[in-house]
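Below is one structure, written out as structure tokens; comments come after it.
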Number of protein chains: 2
Amino acid sequence: MNRFLGHVTNKIDAKGRVSVPAHFRSIIQTAGHTELYALRSLHLPALDAGGPELLTRFDKRLDSEDPFAETSDDMSFYLHADGGFLKLDGDGRITVTDFMREHTGISSDVTFAGANTHFQMWHPDKFEAHRAKVRQRLAEKRRQENVHAGNS
Amino acid sequence: MNRFLGHVTNKIDAKGRVSVPAHFRSIIQTAGHTELYALRSLHLPALDAGGPELLTRFDKRLDSEDPFAETSDDMSFYLHADGGFLKLDGDGRITVTDFMREHTGISSDVTFAGANTHFQMWHPDKFEAHRAKVRQRLAEKRRQENVHAGNS
DNA sequence: ATCGATATCATGGGGCACTATGGGCGTCAA
DNA sequence: TTGACGCCCATAGTGCCCCATGATATCGAT
């Protein structure tokens, strides 16, 4: 199945390298790519990563975000200026750059989280916190919908 | 019969594997799949599982949401990061991952419970407790309805 | 209906391949 | 020289494929 799903956390070794989960790697490779791109996530302390098509997809999303705001250009610049290319070594590892650490707070471990068409890289604690918050918001929302529908 | 019905509890072996009930398996396999999609239930200490089309079904609902609303991001994160594929081995077993144990408390046995379009995986004790509670709630509800209808 | 043959299922275990992780050693540039 | 980075190899642990066993159900012939 060629989707990014689930989450795994891997260790950063003494040389600053971390293994990209084999499953994620194979998705990139079967898509015919050997390159990995990472961009700062817009609203989250995480990195969005994936194949080269990730860039074009994000551009599209930016375009439709708010055509009148001049921040669109700024955003585009912001994303692309620091976003970059991650080299996979022969064993499927990437070296964690300062760029990644700054935005995410990543230090000794990285949580890789699937996002269907791409994946994210998190500091494990922040990932867990976000996960809990999301669950809570969704649970609350569904509870409200049930109340309105008359199901208790 | 292509519906998930009834419940069975199976053992986890020394290697962390558990057999998916043959009846459930056949439903998945006749649909042409060799893996399961499992999701951590929002309200229950259980996993919702089914064929990969379960995820597709959820994804479709995602499409109808406003893509820029926070809920959409939350849903996507929940579906893709809090869920994953479980591979069926040649004998119809899956290996129970930490991902599953954390959320459900599953340790040595798994209760598979049919839920019509999909099924659930529980810790046997929690399943039993939940079942008792549900039955009690239903009985209570019926009692109330009878009172209102004048039947005693 | 009885009894034996056959199929299906849950469970156990062997063993190979792959993965994550650690580390060595050159190269190249500051 | 020193340190960052590329490429290579080693190893422990895990996942996955295959086969075995006993229990249960199914079926057929007598």
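What you see below is based on every heavy atom in this structure, not just the backbone, and it leaves out hydrogens, waters and symmetry mates. Please read all numbers here as calculations on a predicted model, not as lab measurements. Labels below follow one simple rule: chain letters A, B, ... track the order of the sequence lines, proteins then strands, and each chain is numbered from 1.
- No side-chain donor-acceptor contact under 3.5 Å links A:His130 and A:Asp125.
- Using a 4.0 Å heavy-atom distance criterion, A:Val8 is classed as making no nucleic acid contact.
- For the pair B:Phe85 CZ and D:dC16 C1', the interatomic distance rounds to 18 Å; values are reported in whole Å.
- A salt bridge links B:Asp82 with B:Arg40: the distance from a Lys NZ or Arg NE/NH1/NH2 to an Asp or Glu carboxylate oxygen falls below 4.0 Å.
- Regarding A:Lys11, its NZ atom lies at a distance of 12 Å from the C1' atom of D:dA12, rounded to whole Å.
- Residue B:Leu88 contributes atom CG, which lies 14 Å from atom C1' of D:dC17 at whole-angstrom precision.
- Checking A:Arg142, A:Gln144, A:Gln136 one by one against A:Glu140, the side-chain hydrogen bond (donor to acceptor under 3.5 Å, both in side chains) holds for a single residue, A:Gln144.
- Ion pairing between a basic and an acidic side chain is recognised when a charged N comes within 4.0 Å of a carboxylate O; B:Asp109 and B:Lys11 show no such pairing.
- Atom-to-atom, CZ of B:Arg25 to P of C:dT11 comes out at 11 Å; the value is rounded to the nearest Å.
- Salt bridge status for A:Arg93 with A:Asp91: present, with a side-chain N to carboxylate O gap under 4.0 Å.
- Nucleotide C:dA10 holds its P atom 9 Å from the CZ atom of B:Phe112, rounded to whole Å.
- Residue B:Phe77 forms a ring pair (Phe, Tyr, Trp, His ring centres under 6.0 Å) with just one option from A:Phe127, A:Phe4, A:Phe119, and that option is A:Phe127.
- The separation between B:Ile12 atom CD1 and C:dG13 atom C1' is 17 Å, rounded to whole Å.
- One can place NE2 of A:His23 at 15 Å from C1' of D:dC16, the figure rounded to the nearest angstrom.
- Whole-Å rounding puts the B:Asn10 CG to C:dG12 P distance at 11 Å.
- Taking 4.0 angstrom as the limit, B:Lys87 places a side-chain polar atom (N or O) nearer than this to OP1 or OP2 of D:dC16.
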Could you go over nucleotides 23-27 of chain C and give all protein N or O partners under 3.5 Å, atom names and distances?
unit_1	atom_1	unit_2	atom_2	d
C:dG23	N7	A:Arg17	NH2	3.0
C:dG23	O6	A:Arg17	NH1	2.9
C:dG24	O6	A:Lys15	NZ	2.2

